Amino acid sequence: MITFEEAYRIVTESSFRLGKEVVGLKEAAGRSLMVAVRSDMDMPPWNKSAVDGYACRHEDLGHELTVLETVAAGAMPAMEVVPGTCSRIMTGAAVPAGADYVFMLENSEELAGGRVRFTGRPGNDNIARAGEDIMKDQTVLRAGHIIKPQDIAVLATVGTTQVTVSCRPRVGVISTGNELVEPDQTPAGAQIRNSNSSQLMAQIARAGAIGKYYGIARDDEESITSLMKKALEENDVLLISGGVSFGDFDLVPRVMTSLGLRIHFDQVAMQPGKPLTFCTGEKKAVFGLPGNPVSTFLQFEVMVRTFLDRMTGVTEHAPVLQMPLATDYSRKRAERLSWIPCTITPAGEAKPVEYHGSAHISALTGAWGVITIPRGQSWIQKGEMVSVRQI
Ligand code: AMP
Ligand code: MG
(Lines give C-alpha, C1' and ligand atoms only; values in the text may rest on other atoms or scores of the structure.)
(Ligands and ions follow the chains in the order given, each with its own letter.)
Protein backbone atom coordinates (compact mmCIF):
# COMPACT_ATOMS: atom_id res chain seq x y z
CA MET A 1 0.00 0.00 0.00
CA ILE A 2 1.37 3.42 -0.97
CA THR A 3 0.49 6.82 0.47
CA PHE A 4 -1.98 9.17 -1.17
CA GLU A 5 0.83 11.63 -1.89
CA GLU A 6 2.84 8.94 -3.66
CA ALA A 7 -0.17 7.82 -5.71
CA TYR A 8 -0.95 11.41 -6.61
CA ARG A 9 2.63 11.96 -7.74
CA ILE A 10 2.53 8.84 -9.94
CA VAL A 11 -0.78 9.88 -11.49
CA THR A 12 0.37 13.41 -12.28
CA GLU A 13 3.72 12.26 -13.65
CA SER A 14 2.07 9.64 -15.88
CA SER A 15 -0.05 12.16 -17.68
CA PHE A 16 0.55 12.95 -21.34
CA ARG A 17 -0.42 16.05 -23.31
CA LEU A 18 -3.03 16.21 -26.01
CA GLY A 19 -2.82 18.24 -29.22
CA LYS A 20 -4.24 21.71 -29.84
CA GLU A 21 -7.11 22.96 -31.92
CA VAL A 22 -8.61 26.33 -32.83
CA VAL A 23 -12.20 27.03 -31.80
CA GLY A 24 -14.55 29.97 -32.09
CA LEU A 25 -15.91 31.99 -29.17
CA LYS A 26 -19.08 29.90 -29.02
CA GLU A 27 -17.14 26.71 -28.38
CA ALA A 28 -14.48 28.23 -26.12
CA ALA A 29 -16.12 28.08 -22.68
CA GLY A 30 -14.70 25.33 -20.47
CA ARG A 31 -11.67 24.79 -22.69
CA SER A 32 -8.03 25.05 -21.65
CA LEU A 33 -6.36 27.98 -23.40
CA MET A 34 -3.05 27.05 -25.05
CA VAL A 35 -1.91 30.38 -26.46
CA ALA A 36 -2.09 33.55 -24.37
CA VAL A 37 -4.38 36.30 -25.61
CA ARG A 38 -3.34 39.97 -25.83
CA SER A 39 -5.51 43.01 -26.26
CA ASP A 40 -5.48 44.87 -29.56
CA MET A 41 -6.72 48.08 -27.92
CA ASP A 42 -7.02 50.13 -24.75
CA MET A 43 -10.15 49.59 -22.73
CA PRO A 44 -11.84 51.93 -22.33
CA PRO A 45 -10.49 53.29 -25.61
CA TRP A 46 -10.97 56.89 -24.42
CA ASN A 47 -11.81 58.63 -21.16
CA LYS A 48 -15.34 57.42 -20.62
CA SER A 49 -18.21 58.70 -18.58
CA ALA A 50 -19.37 56.18 -15.96
CA VAL A 51 -22.69 57.97 -15.41
CA ASP A 52 -25.41 59.97 -17.13
CA GLY A 53 -24.70 63.63 -16.29
CA TYR A 54 -22.72 66.72 -17.27
CA ALA A 55 -19.03 66.85 -18.17
CA CYS A 56 -17.30 70.00 -16.96
CA ARG A 57 -14.13 71.42 -15.43
CA HIS A 58 -13.73 70.45 -11.80
CA GLU A 59 -12.99 74.05 -10.87
CA ASP A 60 -16.32 75.14 -12.41
CA LEU A 61 -18.47 72.95 -10.12
CA GLY A 62 -19.60 75.96 -8.09
CA HIS A 63 -20.88 77.92 -11.10
CA GLU A 64 -23.89 77.90 -13.37
CA LEU A 65 -22.79 76.30 -16.64
CA THR A 66 -23.94 76.66 -20.26
CA VAL A 67 -24.69 73.31 -21.88
CA LEU A 68 -22.82 73.00 -25.20
CA GLU A 69 -24.17 69.73 -26.61
CA THR A 70 -25.41 66.25 -25.72
CA VAL A 71 -22.90 63.42 -26.15
CA ALA A 72 -24.55 60.03 -26.49
CA ALA A 73 -22.79 56.65 -26.24
CA GLY A 74 -21.48 55.82 -29.70
CA ALA A 75 -20.93 59.46 -30.72
CA MET A 76 -17.74 61.49 -30.26
CA PRO A 77 -17.99 64.96 -28.63
CA ALA A 78 -17.89 67.81 -31.14
CA MET A 79 -17.12 70.64 -28.73
CA GLU A 80 -14.37 71.33 -26.23
CA VAL A 81 -15.49 72.19 -22.72
CA VAL A 82 -14.16 75.64 -21.81
CA PRO A 83 -14.59 77.70 -18.63
CA GLY A 84 -18.25 78.27 -17.80
CA THR A 85 -19.53 75.45 -20.02
CA CYS A 86 -20.37 71.75 -19.82
CA SER A 87 -21.74 69.03 -22.09
CA ARG A 88 -24.60 66.76 -21.27
CA ILE A 89 -23.17 63.21 -21.46
CA MET A 90 -24.54 59.68 -21.29
CA THR A 91 -22.99 56.59 -19.66
CA GLY A 92 -20.37 55.04 -21.95
CA ALA A 93 -19.79 58.20 -24.01
CA ALA A 94 -16.35 59.80 -24.50
CA VAL A 95 -15.62 62.69 -22.15
CA PRO A 96 -15.07 65.90 -24.17
CA ALA A 97 -11.69 67.56 -24.27
CA GLY A 98 -11.35 70.17 -21.56
CA ALA A 99 -13.58 68.31 -19.07
CA ASP A 100 -12.12 66.52 -16.06
CA TYR A 101 -15.28 65.87 -14.08
CA VAL A 102 -18.75 64.44 -14.71
CA PHE A 103 -21.54 65.16 -12.26
CA MET A 104 -24.61 62.98 -12.23
CA LEU A 105 -28.03 63.97 -13.54
CA GLU A 106 -29.31 63.21 -10.04
CA ASN A 107 -27.02 65.97 -8.71
CA SER A 108 -28.02 68.63 -11.22
CA GLU A 109 -30.64 71.27 -11.64
CA GLU A 110 -31.66 72.52 -15.08
CA LEU A 111 -31.95 76.28 -15.28
CA ALA A 112 -33.50 78.58 -17.85
CA GLY A 113 -31.57 79.42 -21.01
CA GLY A 114 -29.87 76.08 -21.51
CA ARG A 115 -27.92 76.33 -18.29
CA VAL A 116 -27.36 73.84 -15.50
CA ARG A 117 -26.10 73.82 -11.92
CA PHE A 118 -24.32 71.18 -9.82
CA THR A 119 -26.30 70.49 -6.65
CA GLY A 120 -24.25 67.69 -5.10
CA ARG A 121 -21.03 67.52 -3.13
CA PRO A 122 -17.77 67.08 -5.12
CA GLY A 123 -16.41 63.54 -4.95
CA ASN A 124 -15.58 60.86 -7.52
CA ASP A 125 -15.01 62.38 -10.98
CA ASN A 126 -17.07 59.57 -12.61
CA ILE A 127 -14.54 59.21 -15.42
CA ALA A 128 -13.03 55.87 -16.38
CA ARG A 129 -9.58 56.67 -17.81
CA ALA A 130 -8.47 55.34 -21.20
CA GLY A 131 -6.72 51.97 -20.71
CA GLU A 132 -7.49 51.73 -16.99
CA ASP A 133 -9.14 48.29 -17.42
CA ILE A 134 -7.01 46.84 -20.20
CA MET A 135 -3.96 48.28 -21.97
CA LYS A 136 -3.19 47.63 -25.63
CA ASP A 137 -0.85 44.59 -25.94
CA GLN A 138 -1.57 43.53 -22.36
CA THR A 139 -1.98 39.77 -21.84
CA VAL A 140 -5.62 39.35 -20.86
CA LEU A 141 -5.71 35.53 -20.63
CA ARG A 142 -2.77 33.25 -19.91
CA ALA A 143 -2.08 29.83 -21.39
CA GLY A 144 -3.30 27.08 -19.07
CA HIS A 145 -6.39 29.06 -18.11
CA ILE A 146 -9.79 27.40 -18.28
CA ILE A 147 -12.00 29.75 -20.27
CA LYS A 148 -15.04 30.80 -18.26
CA PRO A 149 -18.11 32.71 -19.43
CA GLN A 150 -16.68 35.95 -18.03
CA ASP A 151 -13.49 35.35 -20.05
CA ILE A 152 -15.57 35.10 -23.19
CA ALA A 153 -16.53 38.74 -22.59
CA VAL A 154 -12.85 39.66 -22.40
CA LEU A 155 -12.11 37.74 -25.61
CA ALA A 156 -14.99 39.49 -27.36
CA THR A 157 -13.80 42.89 -26.07
CA VAL A 158 -10.31 42.47 -27.48
CA GLY A 159 -11.64 41.07 -30.76
CA THR A 160 -10.28 37.54 -30.33
CA THR A 161 -12.89 35.33 -31.95
CA GLN A 162 -10.66 32.27 -32.48
CA VAL A 163 -8.66 30.75 -29.65
CA THR A 164 -6.12 27.94 -29.56
CA VAL A 165 -7.17 25.41 -26.93
CA SER A 166 -6.17 21.92 -25.93
CA CYS A 167 -8.06 19.06 -27.55
CA ARG A 168 -10.50 17.50 -25.11
CA PRO A 169 -9.58 14.17 -23.54
CA ARG A 170 -11.74 11.25 -24.67
CA VAL A 171 -12.75 9.23 -21.66
CA GLY A 172 -14.42 5.82 -21.80
CA VAL A 173 -16.61 4.57 -18.96
CA ILE A 174 -17.33 0.96 -18.03
CA SER A 175 -19.08 -0.39 -14.96
CA THR A 176 -18.55 -3.92 -13.74
CA GLY A 177 -20.79 -6.07 -11.58
CA ASN A 178 -23.27 -8.89 -12.00
CA GLU A 179 -25.55 -7.09 -9.57
CA LEU A 180 -25.98 -4.02 -11.79
CA VAL A 181 -28.88 -3.04 -13.99
CA GLU A 182 -29.21 0.26 -15.84
CA PRO A 183 -31.04 3.17 -14.17
CA ASP A 184 -34.13 2.75 -16.34
CA GLN A 185 -34.59 -0.86 -15.14
CA THR A 186 -36.29 -2.03 -11.97
CA PRO A 187 -33.83 -4.10 -9.96
CA ALA A 188 -34.99 -7.61 -9.11
CA GLY A 189 -33.62 -10.01 -6.52
CA ALA A 190 -30.03 -9.14 -5.68
CA GLN A 191 -29.72 -6.35 -8.20
CA ILE A 192 -29.07 -2.61 -7.78
CA ARG A 193 -29.00 0.21 -10.29
CA ASN A 194 -25.76 1.30 -11.90
CA SER A 195 -25.20 4.79 -10.55
CA ASN A 196 -21.48 5.13 -11.20
CA SER A 197 -21.64 5.37 -14.98
CA SER A 198 -24.10 8.25 -15.06
CA GLN A 199 -22.21 9.98 -12.27
CA LEU A 200 -18.88 9.59 -14.05
CA MET A 201 -20.29 10.78 -17.36
CA ALA A 202 -21.50 13.95 -15.62
CA GLN A 203 -18.12 14.44 -13.92
CA ILE A 204 -16.33 13.96 -17.24
CA ALA A 205 -18.54 16.58 -18.87
CA ARG A 206 -17.93 18.98 -15.97
CA ALA A 207 -14.19 18.45 -16.40
CA GLY A 208 -14.47 19.53 -20.05
CA ALA A 209 -13.72 16.06 -21.44
CA ILE A 210 -15.69 13.87 -23.84
CA GLY A 211 -17.22 10.84 -22.18
CA LYS A 212 -18.39 7.67 -23.88
CA TYR A 213 -20.23 4.95 -22.03
CA TYR A 214 -19.61 1.30 -22.91
CA GLY A 215 -22.07 -0.50 -20.66
CA ILE A 216 -21.90 -2.95 -17.80
CA ALA A 217 -19.32 -5.72 -17.92
CA ARG A 218 -20.23 -8.99 -16.24
CA ASP A 219 -17.85 -10.19 -13.53
CA ASP A 220 -15.98 -12.46 -15.89
CA GLU A 221 -12.70 -11.90 -17.67
CA GLU A 222 -14.14 -12.26 -21.15
CA SER A 223 -16.81 -9.64 -20.64
CA ILE A 224 -14.41 -7.17 -19.00
CA THR A 225 -11.75 -7.81 -21.64
CA SER A 226 -13.99 -7.20 -24.62
CA LEU A 227 -15.42 -3.93 -23.29
CA MET A 228 -12.01 -2.70 -22.11
CA LYS A 229 -10.37 -3.47 -25.47
CA LYS A 230 -12.96 -1.49 -27.40
CA ALA A 231 -12.96 1.42 -24.95
CA LEU A 232 -9.14 1.58 -24.90
CA GLU A 233 -8.99 1.75 -28.68
CA GLU A 234 -11.43 4.65 -28.80
CA ASN A 235 -10.28 6.77 -25.84
CA ASP A 236 -7.29 8.37 -24.17
CA VAL A 237 -8.44 7.49 -20.67
CA LEU A 238 -10.61 4.65 -19.44
CA LEU A 239 -12.54 4.61 -16.18
CA ILE A 240 -13.74 1.22 -15.05
CA SER A 241 -15.67 1.05 -11.82
CA GLY A 242 -15.92 -1.92 -9.51
CA GLY A 243 -14.01 -5.17 -9.55
CA VAL A 244 -10.71 -3.81 -8.23
CA SER A 245 -10.85 -5.07 -4.64
CA PHE A 246 -9.66 -8.47 -3.48
CA GLY A 247 -12.93 -10.39 -3.73
CA ASP A 248 -13.33 -13.59 -5.73
CA PHE A 249 -14.89 -11.69 -8.65
CA ASP A 250 -12.64 -8.63 -8.67
CA LEU A 251 -11.06 -9.42 -12.01
CA VAL A 252 -10.22 -6.00 -13.40
CA PRO A 253 -6.50 -5.92 -12.40
CA ARG A 254 -5.99 -9.32 -14.02
CA VAL A 255 -7.52 -8.09 -17.27
CA MET A 256 -5.42 -4.90 -17.15
CA THR A 257 -2.28 -7.00 -17.02
CA SER A 258 -3.46 -9.37 -19.76
CA LEU A 259 -4.06 -6.37 -22.03
CA GLY A 260 -0.40 -5.40 -21.63
CA LEU A 261 -1.05 -2.43 -19.35
CA ARG A 262 1.38 -1.57 -16.58
CA ILE A 263 -0.16 -1.37 -13.13
CA HIS A 264 1.50 1.42 -11.11
CA PHE A 265 -0.41 0.84 -7.88
CA ASP A 266 -3.44 -1.08 -6.66
CA GLN A 267 -3.75 0.01 -3.04
CA VAL A 268 -3.53 3.49 -1.62
CA ALA A 269 -3.71 4.56 2.04
CA MET A 270 -6.81 6.69 1.57
CA GLN A 271 -10.46 6.47 2.48
CA PRO A 272 -12.61 6.09 0.52
CA GLY A 273 -10.81 4.59 -2.41
CA LYS A 274 -8.21 2.21 -1.00
CA PRO A 275 -8.33 -0.26 -3.94
CA LEU A 276 -7.84 2.43 -6.59
CA THR A 277 -5.88 0.77 -9.38
CA PHE A 278 -3.97 2.83 -11.88
CA CYS A 279 -2.32 1.55 -15.03
CA THR A 280 -0.98 2.99 -18.26
CA GLY A 281 -0.16 1.90 -21.80
CA GLU A 282 1.20 3.89 -24.74
CA LYS A 283 -0.63 7.24 -24.45
CA LYS A 284 -3.43 5.50 -22.54
CA ALA A 285 -4.36 5.50 -18.88
CA VAL A 286 -6.85 3.36 -17.03
CA PHE A 287 -8.26 4.10 -13.60
CA GLY A 288 -9.81 1.11 -11.88
CA LEU A 289 -12.18 2.92 -9.53
CA PRO A 290 -13.59 1.20 -6.44
CA GLY A 291 -17.27 0.38 -7.04
CA ASN A 292 -18.83 2.20 -4.13
CA PRO A 293 -20.33 5.38 -5.54
CA VAL A 294 -18.73 7.80 -3.05
CA SER A 295 -15.31 6.27 -3.75
CA THR A 296 -15.86 6.51 -7.48
CA PHE A 297 -16.97 10.12 -7.16
CA LEU A 298 -14.10 11.27 -4.97
CA GLN A 299 -11.40 9.37 -6.83
CA PHE A 300 -12.57 11.04 -9.99
CA GLU A 301 -12.39 14.48 -8.36
CA VAL A 302 -9.02 13.92 -6.71
CA MET A 303 -7.12 11.70 -9.14
CA VAL A 304 -8.84 11.54 -12.53
CA ARG A 305 -9.56 15.26 -12.64
CA THR A 306 -5.92 16.02 -11.91
CA PHE A 307 -4.86 13.67 -14.67
CA LEU A 308 -7.26 15.23 -17.19
CA ASP A 309 -6.13 18.74 -16.22
CA ARG A 310 -2.53 17.76 -16.87
CA MET A 311 -3.50 16.34 -20.25
CA THR A 312 -4.99 19.64 -21.29
CA GLY A 313 -2.28 21.83 -19.77
CA VAL A 314 -4.53 23.38 -17.14
CA THR A 315 -2.40 25.22 -14.62
CA GLU A 316 -5.14 26.37 -12.27
CA HIS A 317 -6.56 24.02 -9.68
CA ALA A 318 -9.56 24.12 -7.40
CA PRO A 319 -8.51 25.88 -4.20
CA VAL A 320 -8.08 23.99 -0.96
CA LEU A 321 -9.45 26.21 1.82
CA GLN A 322 -8.41 26.35 5.46
CA MET A 323 -11.49 26.49 7.71
CA PRO A 324 -12.21 25.92 11.38
CA LEU A 325 -13.88 22.61 12.18
CA ALA A 326 -17.43 23.08 13.53
CA THR A 327 -17.38 20.06 15.88
CA ASP A 328 -14.90 17.69 17.50
CA TYR A 329 -13.87 14.84 15.23
CA SER A 330 -12.40 11.47 16.11
CA ARG A 331 -11.77 8.16 14.41
CA LYS A 332 -10.53 4.82 15.67
CA ARG A 333 -7.97 4.12 13.00
CA ALA A 334 -5.78 6.69 11.35
CA GLU A 335 -3.55 4.78 8.95
CA ARG A 336 -5.24 6.31 5.91
CA LEU A 337 -5.80 9.85 4.72
CA SER A 338 -9.54 10.31 4.64
CA TRP A 339 -12.09 12.63 3.12
CA ILE A 340 -15.33 13.31 4.92
CA PRO A 341 -18.27 15.17 3.38
CA CYS A 342 -19.12 18.50 4.99
CA THR A 343 -21.27 21.59 4.75
CA ILE A 344 -20.23 25.14 5.53
CA THR A 345 -22.00 26.79 8.45
CA PRO A 346 -23.11 30.43 8.26
CA ALA A 347 -20.15 31.19 10.55
CA GLY A 348 -17.76 29.78 7.93
CA GLU A 349 -16.93 26.52 9.72
CA ALA A 350 -16.63 23.11 8.06
CA LYS A 351 -19.22 20.79 9.54
CA PRO A 352 -19.24 17.05 8.77
CA VAL A 353 -22.59 15.77 7.47
CA GLU A 354 -24.11 12.44 8.43
CA TYR A 355 -22.05 9.92 6.50
CA HIS A 356 -22.15 6.14 6.70
CA GLY A 357 -19.23 5.42 4.41
CA SER A 358 -18.42 4.96 0.77
CA ALA A 359 -21.78 3.46 -0.26
CA HIS A 360 -23.70 6.45 1.15
CA ILE A 361 -24.08 8.38 -2.09
CA SER A 362 -26.93 10.57 -0.83
CA ALA A 363 -24.59 12.04 1.80
CA LEU A 364 -22.82 13.91 -0.99
CA THR A 365 -26.03 15.51 -2.15
CA GLY A 366 -26.16 17.50 1.05
CA ALA A 367 -22.44 18.25 1.10
CA TRP A 368 -20.65 21.38 -0.06
CA GLY A 369 -17.22 19.80 0.04
CA VAL A 370 -14.96 17.34 1.77
CA ILE A 371 -12.62 17.77 4.72
CA THR A 372 -9.22 16.12 4.42
CA ILE A 373 -8.20 14.22 7.55
CA PRO A 374 -4.46 13.63 7.26
CA ARG A 375 -2.97 10.19 7.74
CA GLY A 376 -1.93 9.63 11.36
CA GLN A 377 -4.47 12.07 12.77
CA SER A 378 -7.19 10.38 14.82
CA TRP A 379 -8.85 13.39 16.40
CA ILE A 380 -9.34 17.06 15.71
CA GLN A 381 -10.77 19.60 18.13
CA LYS A 382 -13.60 21.95 17.29
CA GLY A 383 -12.13 25.20 15.99
CA GLU A 384 -8.92 23.66 14.66
CA MET A 385 -8.18 24.51 11.04
CA VAL A 386 -8.84 21.80 8.47
CA SER A 387 -8.37 21.61 4.70
CA VAL A 388 -11.61 21.70 2.73
CA ARG A 389 -12.20 21.35 -0.99
CA GLN A 390 -15.43 21.93 -2.84
CA ILE A 391 -17.03 19.00 -4.61
P1 AMP B 1 -16.81 -3.63 -6.03
O2 AMP B 1 -15.76 -2.54 -6.05
O3 AMP B 1 -17.09 -4.18 -7.38
O4 AMP B 1 -16.46 -4.67 -5.02
O5 AMP B 1 -18.14 -2.95 -5.54
C6 AMP B 1 -18.22 -2.35 -4.26
C7 AMP B 1 -19.64 -1.96 -3.96
O8 AMP B 1 -20.05 -0.95 -4.87
C9 AMP B 1 -20.66 -3.06 -4.10
O10 AMP B 1 -21.62 -2.92 -3.08
C11 AMP B 1 -21.26 -2.82 -5.45
O12 AMP B 1 -22.56 -3.34 -5.55
C13 AMP B 1 -21.24 -1.32 -5.55
N14 AMP B 1 -21.12 -0.92 -6.95
C15 AMP B 1 -20.22 -1.39 -7.82
N16 AMP B 1 -20.40 -0.83 -9.03
C17 AMP B 1 -21.44 0.02 -8.90
C18 AMP B 1 -22.12 0.88 -9.80
N19 AMP B 1 -21.72 1.00 -11.07
N20 AMP B 1 -23.15 1.61 -9.34
C21 AMP B 1 -23.54 1.49 -8.06
N22 AMP B 1 -22.95 0.70 -7.16
C23 AMP B 1 -21.92 -0.04 -7.57
MG1 MG C 1 -18.12 -5.77 -8.15
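Atom set for the values below is all heavy atoms of this structure, side chains included, hydrogens, waters and symmetry mates excluded. Counting convention: from 1, in listed order, for ligands and their atoms alike. Remember, predicted model here, so these are calculated numbers, not experimental data.
- Within the structure, side chain to side chain donor-acceptor pair (under 3.5 Å) pairs that include any residue of residues 199-209 comprise Q203-E301, R206-E301 (at least two apart or interchain).
- Protein heavy atom nearest atom 12 (O) of ligand 1, with residue, atom name and distance: E179 OE2, 2.5 Å.
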Between T91 and D52, is the side chain to side chain donor-acceptor pair (under 3.5 Å) condition met? List the steps. CA-CA 5 Å; T91 304; D52 297 319; 3.0 Å; yes
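- Counting heavy atoms closer than 4.0 Å to ligand 1, residue R193 contributes backbone atoms (N, CA, C, O) but none from C-beta onward.
- Under the 4.0 angstrom criterion for non-hydrogen atoms, G177 is not in contact with ligand 1.
- Residue contacts with ligand 1, taken as heavy atom pairs separated by less than 4.0 Å, do not involve I216 at all.
- Among all non-hydrogen protein atoms, the one lying nearest atom 6 (C) of ligand 1 is N292 N, 3.8 Å.
- With hydrogens left out, the protein atom closest to atom 22 (N) of ligand 1 is I192 CD1, 3.6 Å, a heavy atom.
- No part of T296 comes within 4.0 Å of ligand 1, judged by heavy-atom distances.
- Summarising the local packing, CD of E222 is surrounded by 12 or fewer heavy atoms from other residues, nucleotides or ligands at distances under 6.0 Å.
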Start with the C-alpha gap between S175 and S197, add the side-chain angles, then the distance that decides, and say whether side chain to side chain donor-acceptor pair (under 3.5 Å) holds. CA-CA 6 Å; S175 281; S197 298; 2.6 Å; yes
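- Using a 30° and 60° split on the angle between ring planes, F4 and W339 fall in the perpendicular class, above 60°.
- Heavy-atom proximity to N194, at under 4.0 Å, picks out these atoms of ligand 1: 18 (C), 19 (N), 20 (N).
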Applying side chain to side chain donor-acceptor pair (under 3.5 Å) to D266 and T277, what does each step give before you reach the verdict? CA-CA 4 Å; D266 59 7; T277 303; 5.7 Å; no
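- Residues F103 and V71 fall into different hydrophobic clusters, defined by Ile, Leu, Val, Met, Phe, Trp and Tyr side chains chained together at heavy-atom separations under 4.5 Å.
- Side-chain atoms of T66 and R115 form a donor-acceptor pair, as typed in the model, at a separation below 3.5 Å.
- Considering only non-hydrogen atoms, atom 23 (C) of ligand 1 lies nearest to G291 out of G291, S295, G242.
- From the protein, the heavy atom lying nearest to atom 21 (C) of ligand 1 is S195 OG, 3.3 Å.
- The closest protein non-hydrogen atom to atom 4 (O) of ligand 1 is D250 OD1, 3.8 Å.
- Close contacts of ligand 1 with S175, meaning ligand atoms under 4.0 Å from a residue heavy atom, involve 19 (N).
- Pairing each heavy atom of L325 with each of P352, the nearest pair is CD1-CD, 4.3 Å.
- In terms of protein heavy-atom proximity, atom 17 (C) of ligand 1 is closest to N196 ND2, 3.2 Å.
- Residue contacts with ligand 1, taken as heavy atom pairs separated by less than 4.0 Å, involve S241 solely via side-chain atoms from C-beta onward.
- Polar contact check, G243 against ligand 1: a nitrogen or oxygen pair lies under 3.5 Å apart.
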Candidate pair F307 and F287, rule ring-ring contact (aromatic ring centres under 6.0 Å, His included), full reasoning: CA-CA 10 Å; F307 190 87; F287 289 85; 5.5 Å; yes
